[in-house]
Amino acid sequence: MQTFATEAVDWPESATALREQVRALVAEHGERDPVRRANCWTKADPAFSRRLGEAGLLGMTWPREYGGHERSQIERYVVIEELLAAGAPVGAHWIADRQSGPLLLRMGNEELKRRWVPAIARGEAFACIGLSEPNSGSDLASVRTSARRDGDDWVINGQKVWTTGAHVAHFMIALIRSEPGSERQQGLSQFVIPMDAPGVTVKPIIDLTGAHEFNEVFFEDVRLPATALLGEEGNGWKQATAELSLERSGPERYLSSMALFTELVRHAGKHPDQTVRELVGRLAAEAWTLRLMSASVAAKLARGEDPALEATIVKDLGNSYEQAIPELVQAVVEMDLNGEDALARVTAYLLQVSPSFSLRGGTREILKGIIARGLGLR
Amino acid sequence: MSDTRRMLAEMADPLFAELSSSATMERDWARIEELGLPLLLAPETEGGFGGTWEDALVVFRLAGYHALALPLPEAIIAGRAQEGSQEHFLLCAFARGAQIAGALDAALAIAVGYVNERQQFGRPLGKFQAVQQSLATFACEAAAANCAAMGAAQALDRGDATFEVAAAKLRANRAVGVGSTVAHQVHGAIGFTEEYGLHELTKRLWQWRSEFGNDAHWSRVLGELVVARGSEAFWPDLTARTDPTRVD
Ligand SMILES: Cc1cc2nc3c(=O)[nH]c(=O)nc-3n(C[C@H](O)[C@H](O)[C@H](O)COP(=O)(O)OP(=O)(O)OC[C@H]3O[C@@H](n4cnc5c(N)ncnc54)[C@H](O)[C@@H]3O)c2cc1C
């Protein structure tokens with residue numbers, strides 16, 4: 001039984017040049033504080049995103065016609081792993097570049113594509129994901145936010161929650177019940193909602209580190225034109241779940257804690273402590289393996305396959321790895337978590353944020369359910 | 001998969017399945033030799049296959065999958081490195097990592113097959129969420145061991161592969177713990193019997209975890225390598241290992 005078909009990744013000849021390009025860009029406009037580098041894909045810096053857009057590093061695989069650069073999926077992969085490994089503040093555009101842009105290109109009508117896609121590629125339009133609601137978390141098919149037809153328009157009412165980046169986003173792609181009285185996966189559609197549309201209210205939710213990354217979003221009689229419907233009416237569930245493969249496989253699922261690993265290696269170099277070095281070795285082996293797995297999924301996406309199962313495996317393993325790092329470091333290195341030392345500061349920060357790693361993008365339990373289905377158990 | 005690899009798999013799979021854990025040198029080695037498998041890596045000019053390490057991976061994995069009780073990996077490696085040398089140790093560690101990956105896949109398949117059959121509380125065990133979640137965890141570990149073995153094979157074909165083989169053996173060793181535990185747990189008592197074949201795999205998994213470097217050995221080797229290069233070198237080194245070398 002082989003659940004993860006391993007195949008060689010053909011790294012492009014252009015990889016070295018691309019890496020140099022990204023490394024130079026980050027050096028010039030990157031993030032130096034190791035705490036902000038940890039978990040960097042949630043850190044929004046619109047100026048940095050625009051800089052990446054100017055450099056042609058957003059929308060890399062998209063058609064030129066829509067502002068893209070027609071490069072390969074693996075070239076894009078090279079760029080995003082470089083950004084994350086360097087801890088660059090990519091949070092502003094991350095969701096738009098990773099999933100909203102591709103979704104719009106695949107499903108969007110011409111008006112939606114023209115309006116949003118080139119702006120995303122320039123690093124000027126940011127997106128958020130409107131799935132979760134107060135009563136629909138893991139059980140996403142129970143969403144109740146509604147879209148009602150009124151003449152040619154749609155009128156949206158309801159609420160989303162935990163919406164990462166809603167406060168910096170220009171639009172949301174939301175999963176909404178468009179057929180009154182429909183149940184579960186039926187009667188759902190996706191809509192593109194401009195965040196400045198009248199009737200949209202964003203309220204911050206402060207997380208346990210004191211940071212503002214996610215939000216509640218309220219819709220009160222938000223009126224949208226017919227063209228705001230994304231893809232097919234009633235096909236929202238399928239579209240949203242296909243989108244999740246893009247969300248789950250990326251290197252952000254194992255590289256969030258790279259900043260801590262770097263600090264650990266620095267620490268190990270100063271103290272010839274065998275236990276610490278062994279931990280470095282163990283974490284390096286895992287990072288190397290996860291990188292291969294994650295790139296292998298990218299290669300499958302590049303071939304037009306839908307590696308949903310593999311993507312889920314990578315996310316689950318990656319999350320566990322990232323969550324284990326701060327705990328393992330805490331267990332072997334004596335430190336004062338309130339101290340000024342970089343290693344202690346990053347450890348303290350990641351201990352607090354790491355519980356979220358196995359929640360966002362699908363919880364550990366839900367992912368394991370998907371893998372179990374892949375094993376033929378459900 | 002390349003044609004050579006597909007051919008190798010088609011050759012080795014049925015034979016290893018037949019010989020499996022009860023094979024003996026006296027009775028069965030000749031059949032292995034008949035297929036020319038020990039000369040897998042030898043050049044064609046010397047009557048070998050001229051195979052690559054990725055080709056060898058296919059054979060090692062299948063030897064693990066079927067718990068083949070013959071020293072075929074050792075025989076394949078014998079032509080490549082002097083026994084007792086560092087290189088020999090490294091190559092054998094690669095082989096064990098690949099065998100572990102194969103054996104984990106086999107144990108996973110047996111476990112999944114079993115929980116789909118065995119009924120308790122009026123339904124198959126596999127319908128219980130706790131059982132599903134354990135097996136999903138196992139599947140992730142088996143996937144990681146397999147991917148790591150592949151990465152090590154590719155590195156061997158490129159050249160110096162100390163880092164990759166160390167990482168792959170270490171990753172495989174770690175997967176053994178989760179994999180064999182879950183495999184036994186979901187089987188209940190039957191898996192603990194001599195009659196039921198699961199132990200043919202798990203005994204070897206436990207054995208292979210110690211052979212050619214345990215967790216401590218390889219984490220020390222890797223740790224020293226990484227620390228010696230310094231914290232800022234880790235990522236560039238990692239990417240340089242897979243990027244095509246620059247042509248300038
Ligand atoms: C940092 C962060 C960012 C996020 N960003 C976004 C975003 O941008 N957009 C968005 O839409 N959502 C976002 N989310 C929400 C996230 O997708 C949900 O938190 C997640 O789907 C779980 O839903 P819940 O929090 O309501 O937990 P619940 O569904 O209430 O689950 C609680 C616990 O019970 C477990 N559980 C639930 N059902 C089962 C079951 N059937 N079997 C076994 N266990 C089960 C879960 O796994 C979990 O451990 C974000 C969350 C976090 C933490």
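Predicted model only: the values in this text are computed from it and were never measured.
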Exercise. For B:F60, what residues pass the ring-ring contact (aromatic ring centres under 6.0 Å, His included) criterion, not counting sequence neighbours?
Worked result: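 Partners of B:F60 under the ring-ring contact (aromatic ring centres under 6.0 Å, His included) test: B:F94.
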Problem set entry | ring-ring contact (aromatic ring centres under 6.0 Å, His included) against B:F212, all qualifying residues, sequence neighbours excluded |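 Once residues adjacent in sequence are excluded, the partners of B:F212 under the ring-ring contact (aromatic ring centres under 6.0 Å, His included) criterion are B:F89.
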Exercise. Within a radius of less than 6.0 Å around CG of A:D273, do more than 12 heavy atoms belonging to other residues, nucleotides or ligands occur?
Worked result: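 Above 12, so yes.
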Given a strict heavy-atom distance threshold of 4.5 Å, which part of [X] is in contact with chain A: side chain, backbone, both, or neither?
X      : value
B:L238 : both
B:R174 : side chain
B:P124 : neither
B:V221 : neither
B:E164 : both
B:T239 : both
B:Q154 : side chain
B:A240 : neither

Exercise. Is there a side-chain contact between B:T242 and A:V9 (heavy atoms, below 4.5 Å)?
Worked result: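 Answer no - side chains too far apart.
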For this session: Apply the test side chain to side chain contact (heavy atoms under 4.5 Å, CB included) to residues B:R220 and A:Q274: give CA-CA distance (whole Å), side-chain angles for both, the deciding distance (0.1 Å), then the verdict.
Result: CA-CA 8 Å; B:R220 213 170 301 142; A:Q274 203 51 49; 2.6 Å; yes
Exercise. Between the side chain of B:Q133 and the main-chain N/O of A:E365, is any donor-acceptor distance below 3.5 Å?
Worked result: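 A pair under 3.5 Å: yes.
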For this session: Identify the heavy atoms of A:T289 and B:A144 that sit nearest to each other, and give their distance.
Result: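 The pair with the smallest heavy-atom distance is CG2-O, 3.5 Å.
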Problem set entry | Closest non-hydrogen atom pair between B:V227 and A:V265, with its separation |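 Heavy atoms of B:V227 and A:V265 come nearest at CA-CG1, 4.2 Å.
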Exercise. Cation-pi between B:R171 and A:W288: NZ/CZ under 6.0 Å from ring centre and within 45° of the ring axis?
Worked result: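 Here B:R171 fails the 6.0 Å and 45° test against A:W288.
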